[in-house]
Protein chains: 2
Amino acid sequence: MNSKINSRVRLEDLARALKLSIATVSRAMSDSSRVKPETKQRVLSKAKQMGYRSNQIAKSLSSGKTNVLGVIIPRYDEPFFIEVCRGIDYYVRKHDYRILINSSRNSFKYEKENVLAFERGTVDGVAMCFTHETNSYEHVEELIDRKMPLVLFDNISHKIDGAGHVKIDDFSSAVKAVEILIKHKNNSIGYIGGTSKKSVFNQRFDGFVEAHKKHHQSFKTRHVLNCKSYHQEHEFYEVFNFLSKLQDVPNAFFCSTDNYAILCIKALTKLGYKVPQDIEVIGFGNLHYSNMFTPELTCVSQPSFKMGEKVAEMLLNKIDKGFFISNTDQNSEIVLPTKLVYRDTTR
Amino acid sequence: MNSKINSRVRLEDLARALKLSIATVSRAMSDSSRVKPETKQRVLSKAKQMGYRSNQIAKSLSSGKTNVLGVIIPRYDEPFFIEVCRGIDYYVRKHDYRILINSSRNSFKYEKENVLAFERGTVDGVAMCFTHETNSYEHVEELIDRKMPLVLFDNISHKIDGAGHVKIDDFSSAVKAVEILIKHKNNSIGYIGGTSKKSVFNQRFDGFVEAHKKHHQSFKTRHVLNCKSYHQEHEFYEVFNFLSKLQDVPNAFFCSTDNYAILCIKALTKLGYKVPQDIEVIGFGNLHYSNMFTPELTCVSQPSFKMGEKVAEMLLNKIDKGFFISNTDQNSEIVLPTKLVYRDTTR
DNA sequence: ATTGATAATACAAACGTTTACATTATAATT
DNA sequence: AATTATAATGTAAACGTTTGTATTATCAAT
């Protein structure tokens, strides 16, 4: 069985040493009003002396609470997700919770595995962002059926009944960004973005389209690139290839992430264009390294840390209340504001 | 007590439904040879039908194993640490483990809290990197006393008896990098790095000194900067200030991280210098975005993902063996090789 | 049929807590 | 001194597993 039992101090050991019952010791440790101050003091100092550490597993089994939140992100190596995790962590620590992060490695299969793992009782609630592959939702619906508090964030194409939703308005944010480019008298604007399988990217592209429509301007399909690659280097070549083959390079680009914007600028520079003098570029995200580049990137700033905090807040509320905020409830969805950060890649 | 009991299917429910004992059902679920194939089949299909999910908490309490590894990193927002986590995660998943990441937020106080949390039985082992503030080690020694398998990585100034150690050779890597700059006939080389409180930075600086000594070349103390800031923007101004005040800007810089190298290049560019034509720069780390900058960064490549894998391997070995690889054991330390990646910031 | 071996299953304790309920101690009131 | 209220502590069940040991079933050999 348990191989470490011999070394661990348990409530029982404290109880024996103090000639008290386990119950009293337990209550003393949790500062219950039912044990007298003097006894509490004795227990506490004995606990310290004997190096007692409560067994969180036993506590969890008994109380039905783990004080751990599960977080499922599509991948580790995208700073946005880490930033959201940081926000979640920051918030929940104040409430004595910890987070267990699982990456889906960009695969629906792993996403399902991760959800399954969280059905095993190791977490009190789940925060989650879908991969680009996800287009069926039985796995999360089952999670909800099992009464697991769930909050979804970012990349939401599809509202899930019983889950909370935290996102930004990708569509209008994109509209605003592209409108800037239009107002700057760019009559030919290109779009470079990630896979069209990902809902957020589609919404940002739709915003790109909408801005054109709104201002009675048109764009060329050949100026639109939806990248398929996942590795940094491949992505760069995809962007570079795309741009180098164009006869008529647009005067401006709207990119669906900062990463694409940076790659776009790099490729344009390589092709002899100057940003922003010849061509303007706007990114999306505002990663912490976006202002380390020269020229510093103009972009839509996405409140990733804040998003994490909101996700956490919503999730802890759900856990607390012990019931489920319904989809019709105004609290089931939070849309966070974005803002445009003007830096050096626009004029 | 537990508020979810009503909904959860337990072994007992399966047992009752199948008119079997809990023990048999438990054994069937874990594919024990003591239960006959036909019964196993019945159990499995009933489990599926009733939507049974084993309770990991109960399992852990009973078996003394959580199948979770604790990982303590100084901070989330440094891609190096995330990359190490990714390596750990990648390795341990193959062995049915998960990781619980805790950030110390660059503070020794939180680091101790994190260690304490892991003494509560929620993890089977701990992987950890010290913050720059850490210079006392009772907390980890206590962890070891409590028989917790422990592997330290990166930033190790001080060997801890009973712990495993995984690192790179910061000193020689720095020597090699600076030697390149010397071979390129740079007779004046500067150093820009992080806080001298952090062991890895000291070791890299010592390498910088050693390379000079080895080649009978000297450097000026006024060409050395140990940054004190922690925020991206402050860091930039610190670097920019430092450089703008110099009468005699060196012909080359060795920076103790990629980040400083990038900030250094940005500052130099702002001051009108061309990299690498006027001034060469070498970074340290090889972050995934180091080659997105123009010019692409020449740097010492640190095998962060690999480091994670090695940490994980060592930790699982310790857990398996159930005993402690002593410090004298050759297996208690792994030093991973680095390599110099030549890109565009050197000639 | 009886015996014996072994396969299959059952019983019950253990893991370390929490907590409802029961008991005992203490102090205030008569 | 007896009664009562309440403060303090104790007893034991429960949380859902695993696993050592005990029991029963099965079947081959006599």
Side-chain angles (χ1 to χ4, degrees), chain A residues 1-43 46-47 50-68 119-122 124 146, chain B residues 1-43 46-47 50-67 119-124 146:
Chain A
M1 275 192 176
N2 190 330
S3 61
K4 291 184 197 158
I5 38 168
N6 37 358
S7 56
R8 252 196 114 95
V9 178
R10 301 154 302 158
L11 286 184
E12 191 184 336
D13 302 313
L14 288 180
R16 201 193 323 273
L18 291 160
K19 298 199 192 310
L20 283 172
S21 72
I22 296 179
T24 301
V25 177
S26 168
R27 285 195 262 258
M29 293 300 299
S30 54
D31 200 27
S32 155
S33 63
R34 286 178 54 183
V35 17
K36 91 171 135 182
E38 187 207 315
T39 310
K40 274 187 202 169
Q41 206 39 60
R42 280 178 60 220
V43 171
K46 197 64 165 184
M50 295 180 69
Y52 173 74
R53 294 286 179 271
S54 65
N55 182 323
Q56 182 57 47
I57 299 292
K59 262 179 136 150
S60 297
L61 182 59
S62 178
S63 67
K65 291 207 67 197
T66 61
N67 276 47
V68 175
E119 290 176 349
R120 307 223 117 98
T122 45
D124 294 343
R146 289 174 186 276
Chain B
M1 275 193 178
N2 190 332
S3 62
K4 291 182 197 159
I5 38 170
N6 36 357
S7 56
R8 250 196 119 93
V9 178
R10 302 154 303 159
L11 286 184
E12 192 184 335
D13 302 311
L14 289 180
R16 200 192 324 273
L18 290 160
K19 299 199 192 308
L20 282 171
S21 72
I22 296 179
T24 301
V25 176
S26 168
R27 290 195 169 102
M29 294 299 299
S30 54
D31 201 26
S32 155
S33 62
R34 286 177 57 180
V35 16
K36 90 171 136 181
E38 189 206 314
T39 309
K40 273 185 203 171
Q41 206 39 62
R42 283 177 58 220
V43 172
K46 197 64 165 183
M50 297 179 68
Y52 174 74
R53 295 284 180 269
S54 66
N55 182 323
Q56 182 58 46
I57 299 292
K59 261 178 137 150
S60 297
L61 182 59
S62 179
S63 67
K65 290 207 68 197
T66 61
N67 277 46
E119 290 177 348
R120 308 224 118 98
T122 44
V123 298
D124 294 344
R146 289 174 186 277

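Chain identifiers are assigned alphabetically (A, B, ...) following the order of the sequence lines, protein sequences preceding nucleic acid strands; residue numbering begins at 1 within each chain. If you're wondering where the values come from, they're calculated on a predicted model, not measured in any experiment.
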Once side-chain hydrogen bond (donor to acceptor under 3.5 Å, both in side chains) is applied, do any residues pair with [X], and if so which ones, sequence neighbours excluded?
X	value
A/Arg53	B/Glu119, B/Glu142
B/Thr66	B/Asp124
A/Ser32	none
A/Ser54	B/Arg120

Is there a side-chain polar atom (N or O) of B/Thr24 under 4.0 Å from OP1 or OP2 of C/dA10?
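The answer is yes; a side-chain N or O of B/Thr24 sits under 4.0 Å from OP1 or OP2.
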Is the phosphate of D/dT9, meaning OP1 or OP2, less than 4.0 Å from a side-chain N or O of A/Thr39?
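Yes, A/Thr39 has a side-chain N/O under 4.0 Å of OP1/OP2 on D/dT9.
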Got a sec? Which of residues 11-21 of chain A come in under 4.0 Å of DNA chain D, heavy atoms?
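Under 4.0 Å from DNA chain D: A/Lys19, A/Leu20, A/Ser21.
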Can you name the residues that form a side chain to side chain contact (heavy atoms under 4.5 Å, CB included) with A/Ser26, not counting sequence neighbours?
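With sequence neighbours excluded, A/Ser26 shows a side chain to side chain contact (heavy atoms under 4.5 Å, CB included) to A/Leu11, given in chain and number order.
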Sequence neighbours excluded, every pair satisfying salt bridge (charged side-chain N to carboxylate O under 4.0 Å, His left out) that has a member inside residues 30-41 of chain B
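Every pair satisfying salt bridge (charged side-chain N to carboxylate O under 4.0 Å, His left out) with a residue in residues 30-41 of chain B: B/Asp31-B/Lys40.
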Show every salt bridge (charged side-chain N to carboxylate O under 4.0 Å, His left out) that has at least one partner inside residues 15-29 of chain A, sequence neighbours left out.
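The answer is A/Glu12-A/Arg16.
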Close N/O contacts between protein and nucleotides 25-28 of chain C (under 3.5 Å):
none

Please give the angle, rounded to 10 degrees, between the axes at the start and the end of the helix from C/dA1-D/dT30 to C/dT30-D/dA1, where five pairs define each axis.
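Result, rounded to 10 degrees: 60°.
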